[in-house]
Amino acid sequence: MALELYLDLYSQPCRSVYIFAKKNNIPFDLRRLSLLDGEQYGEEFGKINMIRKAPALRDGDFCLAESIAILLYLAEKFQTPDFWYPADLQQRARVNEYLSWQHMAIRMHGSKMFWLRLLIPKVLGVEVPQDKLDAALEDLNGSLKLIEEKFLQDRPFIAGDHISLADLVAIVEVMQPVGSGLDVFEGRPKLSAWRDRVQDAIGKELFDDAHRTIMGSQEAVKLMDGSKMQVFKPKILRLFL
Amino acid sequence: MELYLDMHSPPCRLVFLFAKAVGIPFEFKHVELSAGQHYSEEFGKISMIRKVPVMKDGSFILTESIAILKYMVQKYSSSVADHWYPADLQQRARVNEYLSWQHMNIRAHASKVFLLRAVFPVIMGSEVPKEKMDAAVEDLNQSLNLLEEKFLENKQFIVGDKISLADIVALIEVMQPLGTGLNVFEGRPKLSAWRERVKKELGEKLFDEAHEVIMKVGSLPEKMQNNSQLEMLRPKFQKLFR
């Protein structure tokens, strides 16, 4: 049985796993999961990942959650080129530092922006107060500033001269608010230049393929049926508002 | 090697405990968070993110406790036993899975409960609204349920028979609300038994030493109240309660 990857490309961590597997020609069966339709709460998926989140991996009878763990597992198992997760002590530390920092920073802030700008008003039908949007934007700007000034500085990529898992995990998160119509690259030439380098290193075709879903969000929400999400409404509102 | 630490902070206790447990020599550099020392110009030169812990190994500066732990394991690989971060593919994946999941779950929820109970009243000048407190405790309980049911299951430790980085990362976070008088172990015999096993592996004396400060956190509000920097710190702390 081939390796299975349970993915929803609306989700940033799913995109990083998708891009990594494809870029490295890792054979896998794509099992599409629709988070907005609540498919992560199905009985079958619960057996694969009781945390009920995506991405999830199933390799024989080994199941694994968490994109960072999945990326590291795939890198090791398929012996991907060194630059993705350098063996060098300090370079590896730089990658690990970013992979750790990003959870409670850009990941949280970019996600929140997407929910506040699109999903909550357009799908759940709840108005988002301006002060909440302003606070979320301030947080997002703070994270983007740290990416530029601390993680990139004057290096082409986070760990140095080559792309690594850090850049991959970073770019998919930075793209999330872009999907909601907020161009975070505007007025940020350093970030834009880095994005271009990352896109080149990944390959534009693969990058665009992975981001097709999120970039189509603004149109897609107009057709979305919010009724399936209503049951999660209290939890979502508590989380983001 | 220098470690910039405030023992009120779980990730600081984490790197302290691991380094001591495996015998990695370091110089303890104290950073008093409640006095806002992390906002000083001096500390800003060490780390512009202005958080702790920070490791300085020669001229190499590294933030993020998880990254620091992995750096220590790799640098001292000849003396750090395999079970801490197993070379076995699947076992290592289990450690990484926990290390990743915990940021937005146990860590976030235990910290929030701690901050609301110990710091909110001093900063905001009022008691925490009941709704807010109840929601935070509910979130923490859900995370603790997952820790017991998904990560521990019926095993001795998160990965299996032996302690790993995952267990220390977990326990130091779970300990955080304890000093505020919230006994998260009450009614959780599985969690309590695991806690005892982890303490034993690390060394009970060492574990208690690391947690001395957080267990005496009742004196924190008074310390903060008397701090001349309080007005400057107030808006920064307020952000934590959003």
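Protein chains get the first letters and strands the later ones, always in sequence-line order, with residue 1 at the start of each.
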Would you say B:Asp161 has more than 12 foreign heavy atoms packed within less than 6.0 Å of its CG?
->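 No, because the 6.0 Å sphere around CG of B:Asp161 holds 12 heavy atoms or fewer from other groups.
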Please say whether more than 12 non-hydrogen atoms of neighbouring residues, nucleotides or ligands are located less than 6.0 Å from NZ in B:Lys150.
->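 Correct, the count exceeds 12.
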Proximity breakdown for [X] and chain B, heavy-atom pairs closer than 4.5 Å:
| X | value |
| --- | --- |
| A:Ala135 | both |
| A:Ala75 | neither |
| A:Glu138 | side chain |

What part of B:Leu69 lies closer than 4.5 angstrom to a heavy atom of chain A: side chain, backbone, both or neither?
->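 Neither; nothing under 4.5 Å.
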Checking heavy atoms, do the side chain of B:Lys70, its backbone, both or neither come under 4.5 Å from chain A?
->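 For B:Lys70, side-chain heavy atoms alone lie under 4.5 Å from chain A.
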Closest non-hydrogen atom pair, [X] against [Y]:
| X | Y | value |
| --- | --- | --- |
| A:Glu66 | B:Trp101 | OE1-N, 3.4 Å |
| B:Ser100 | A:His103 | OG-CE1, 3.2 Å |
| A:Ala69 | B:Ala93 | CB-O, 3.9 Å |
| A:Met104 | B:His103 | SD-O, 3.7 Å |
| B:Lys75 | A:Leu89 | N-CD1, 3.8 Å |

Is any side-chain heavy atom of [Y] closer than 4.5 Å to one of [X]?
| X | Y | value |
| --- | --- | --- |
| B:Glu97 | A:Ile70 | no |
| B:Tyr71 | A:Asn96 | no |
| A:Leu146 | B:Ile49 | yes |

Give the member of A:Arg92, A:Arg107, A:Gln90 that has the highest number of heavy-atom pairs under 4.5 Å with chain B.
->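 Highest number of pairs under 4.5 Å: A:Gln90.
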Residue selection (most heavy-atom pairs with chain A, distance under 4.5 Å) from B:Arg107, B:Arg94, B:Lys51 =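 Max contact count across the listed options: B:Arg94.
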